[in-house]
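Order of appearance sets the numbers: ligands from 1, and atoms from 1 within every ligand.
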Amino acid sequence: MDQSADRAWNECLDIIRDNVSRQSFTTWFEPLEAHSLEDEDDLRKLTIQLPSRFYYEWIEEHYFSLLRKTVTRVLGPHGRLVYDVVIEQDDPEDPDRGASMQLPARPADPESAPPPNAPDEPEAPPSSSEASASSSEPSAPAPSGDEARPDDAQAGAEGDEKSAPPVQNPFAIPGLKNAEVDNQLNDSYTFDRFIEGACNRLARSAAHSIATDPGETSFNPFLVYGGVGLGKTHLIQAIGNHVAARDASKTVFYVSSERFTTEFVQSIQENQIGEFSTFYRQVDVLIVDDVQFFGGKEKTQEEFFHIFNALRQAGNQIVLSADRPPREIDGLEERLLSRFQWGLSADLKPPGLDTRISILRRKAEDDGIDLDDDVVEFIAQSIESNIRELEGALIRLLAHATLHQLDITLDLAKEVLHDLFQERAATLTVDDIQRIVCEHLGISQEKMRSKTRKRDVTRARQIAMYFTKKHTQHSLKDIGLHFGGRDHSTVIHANNAVEDRMADDESFRDTVDAIGQKLERHGQ
Ligand SMILES: Nc1ncnc2c1ncn2[C@@H]1O[C@H](COP(=O)(O)OP(=O)(O)OP(=O)(O)O)[C@@H](O)[C@H]1O
């Protein structure tokens, strides 16, 4: 073993650990080992071993820029990462089977300076990664894309390039026409890959009409809202991909509200606000993700308000997403809120079992994996309210099977998901659950733990017990003690009462789902 390689790779791992979710780290990075560290010409080459092509493709697709920045930080500007990929023994198609191959990581993208801090905009630039990169102190590489989110627990669907920090304002390139700008869409987010179910039917069908006739329907703006990982980004990007594929003359542009804000701040600092406004006013289909981040950012809202009006007047299509209904977005100006409500707002609900099964089957099919029905059903039954997590579980299972060269069986699925749930359970405490349930239902934690049997308090207590049983490892007896010294039969009763009422009462189910989503955001 090459000790210098080991040391360098361990340093890389320390940085990576801080920039990806725990689950991603355990799945994709922890098992990797360094092979060698060599100086060649001007380069310092760190070779790491990857267990399969599948690993190589996944890592390259999802963590390319994170790895590049990490290696540059550890080895300096001449550092390069090389992958030593073990070719699967049992792939008869592969002429190199049983061997290993060396692949350099992709060449680096040109970097440009990050935006300095905004002196006169009240809100801080949203990307902490940029702030740290602009410091002269050595700093961790920029967490980017989904990895930047602390609540991102999936091992599968994250992409560190999805919303990478802006390297250059597209509008600031002299002579560049909107049509020549990269539309920032992920081309795998298509209607074809978006599985339809009762949970998303209205939103999907409206999205499809808009994609066929952008700007021509009464759904303008079109706002899709819903909880974490339910397909908002996928659906709004599917509109963009559909338009772009049908009519190359149309400018489609996807931007997250965070990136819009950063570029707005940057354009003020660089005296390019005119170019910024002109660019956005000429987009035929403007797609803005996660508009809840506009909340409290007055200047950005004002700029977006004017862009919105100009686009709407010109008959251009505006597509938005948010993690909650627009009226629940804090700090949104009334005039912008009313505009967000002009067209159609459609929500995405957590998918039912059949839809979850269809999604898993489709993902497995796309990856060329043949999965037994019992495995698919087991995963679909275990993960109820977040499609990203559903995908993450599947990917984790595939990665585990590849790494240890095992067949994918029901037992293996149980083992891998058990680990996953244990990791998650470790992050949510009874106190977290009680607090989140109480906040959502507007009662105090003292009341929840008290002896009172008032109906609203009893209901909140039962919901909190239900989630405590679901998300933690506490025994029934232990859970009862956390709720004012009740016994285990009360916990069983609470759990059954919640399940029964969820089956009969749609509005109660929506409340429990909404709390479940909040817990997921916290627990990831
Ligand atoms: N109906 C669906 N059919 C197939 N895949 C889906 C569907 N809905 C979501 N997905 C997949 O689930 C993952 C998460 O979806 P997406 O990122 O669009 O969720 P989101 O609601 O935007 O999440 P967030 O709230 O974190 O922004 C993606 O990989 C997406 O392709």
Side-chain angles (χ1 to χ4, degrees), residues 21 24 58 61-62 144-163 184-208 223-241 254-259 287-293 319-325 329 346-367 376 379-380 383-396 513-514 516-524:
S21 66
S24 304
W58 188 267
E61 191 179 337
H62 295 271
S144 52
D146 287 342
E147 290 296 8
R149 291 184 300 202
D151 60 352
D152 177 23
Q154 86 286 11
E158 62 213 354
D160 74 349
E161 294 174 312
K162 176 178 146 192
S163 55
Q184 304 291 322
L185 295 170
N186 175 339
D187 56 16
S188 67
Y189 286 162
T190 59
F191 285 112
D192 175 49
R193 288 196 160 135
F194 190 84
I195 305 292
E196 194 175 331
C199 54
N200 59 35
R201 192 156 287 127
L202 169 72
R204 191 206 169 277
S205 124
H208 200 266
L223 188 145
V224 180
Y225 67 89
V228 180
L230 293 184
K232 300 181 294 293
T233 302
H234 187 142
L235 190 60
I236 59 176
Q237 290 212 12
I239 299 176
N241 277 316
Y254 166 87
V255 67
S256 68
S257 61
E258 284 183 289
R259 180 170 173 165
I287 304 170
V288 186
D289 211 349
D290 289 325
V291 293
Q292 71 275 4
F293 289 118
V319 177
L320 310 168
S321 87
D323 69 352
R324 63 201 84 166
I329 300 176
D347 68 334
L348 295 179
K349 291 203 159 60
L353 180 64
D354 288 350
T355 311
R356 300 201 297 276
I357 289 178
S358 307
I359 290 173
L360 283 171
R361 288 225 167 90
R362 177 62 200 262
K363 300 281 173 201
E365 204 180 294
D366 286 349
D367 281 339
V376 173
I379 301 175
I383 295 175
E384 293 170 5
S385 54
N386 180 333
I387 299 171
R388 182 181 296 113
E389 223 177 82
L390 198 64
E391 287 184 352
L394 176 63
I395 295 296
R396 185 162 165 143
D513 281 344
Q517 287 268 335
K518 283 189 181 169
L519 292 170
E520 264 169 36
R521 266 176 253 168
H522 178 278
Q524 290 170 359

Return a yes/no value for Ile387: is any of its N or O atoms, backbone included, closer than 3.5 angstrom to an N or O of ligand 1?
-> no
Under 3.5 Å: donor-acceptor pair, side chain of His234, backbone of Thr190 | yes
Ligand 1 atoms nearer than 4.0 angstrom to some heavy atom of Val228 are 25 (O), 26 (O)
Numbered atoms of ligand 1 (with element) below 4.0 Å of Gly229, judged on heavy atoms = 19 (O), 20 (P), 21 (O), 23 (O), 24 (P), 25 (O), 26 (O)
Would you call Asp192 and Arg362 a salt bridge, using N to O less than 4.0 angstrom?
-> yes
For ligand 1, is there an atom lying under 4.0 Å from some heavy atom of Cys199?
-> no
Option set Arg356, Arg193, His234, criterion heavy-atom distance to atom 31 (O) of ligand 1, minimum | His234
Region of Arg362 engaging ligand 1 - heavy atom pairs below 4.0 Å = neither
Nearest heavy-atom approach of Val288 to Ser256 is CG1-C, 4.5 Å
Go through ligand 1 atom by atom and flag the ones less than 4.0 Å from a non-hydrogen atom of Asn200.
-> 1 (N)
With heavy atoms only and a cut-off of under 4.0 Å, state how Glu391 meets ligand 1: side chain, backbone, both or neither.
-> side chain
Closer than 4.0 angstrom: is that true for some heavy atom of Arg204 and an atom of ligand 1?
-> no
Hey, is Leu230 one of the residues with a heavy atom under 4.0 angstrom from ligand 1?
-> yes
Does any N/O atom on Phe194 come nearer than 3.5 Å to any N/O atom on ligand 1?
-> no
Just jot down the ligand 1 atoms closer than 4.0 angstrom to any heavy atom of Gly227, in number order.
-> 21 (O), 25 (O)
Indicate whether the side chain of Asn186 and that of Ser188 have a donor and an acceptor atom separated by less than 3.5 Å.
-> yes
Is a donor on one side and an acceptor on the other found under 3.5 Å between the side chain of Gln292 and the backbone of Asp323?
-> yes
In terms of side-chain geometry, is the basic nitrogen of Asp513 or Lys349 positioned less than 4.0 Å from the acidic oxygen of its partner?
-> no
Between Asp367 and Lys363, is the closest basic N to carboxylate O distance under 4.0 Å?
-> no
Does any donor atom in the side chain of Asp289 or Tyr254 lie under 3.5 Å from an acceptor atom in the other side chain?
-> yes
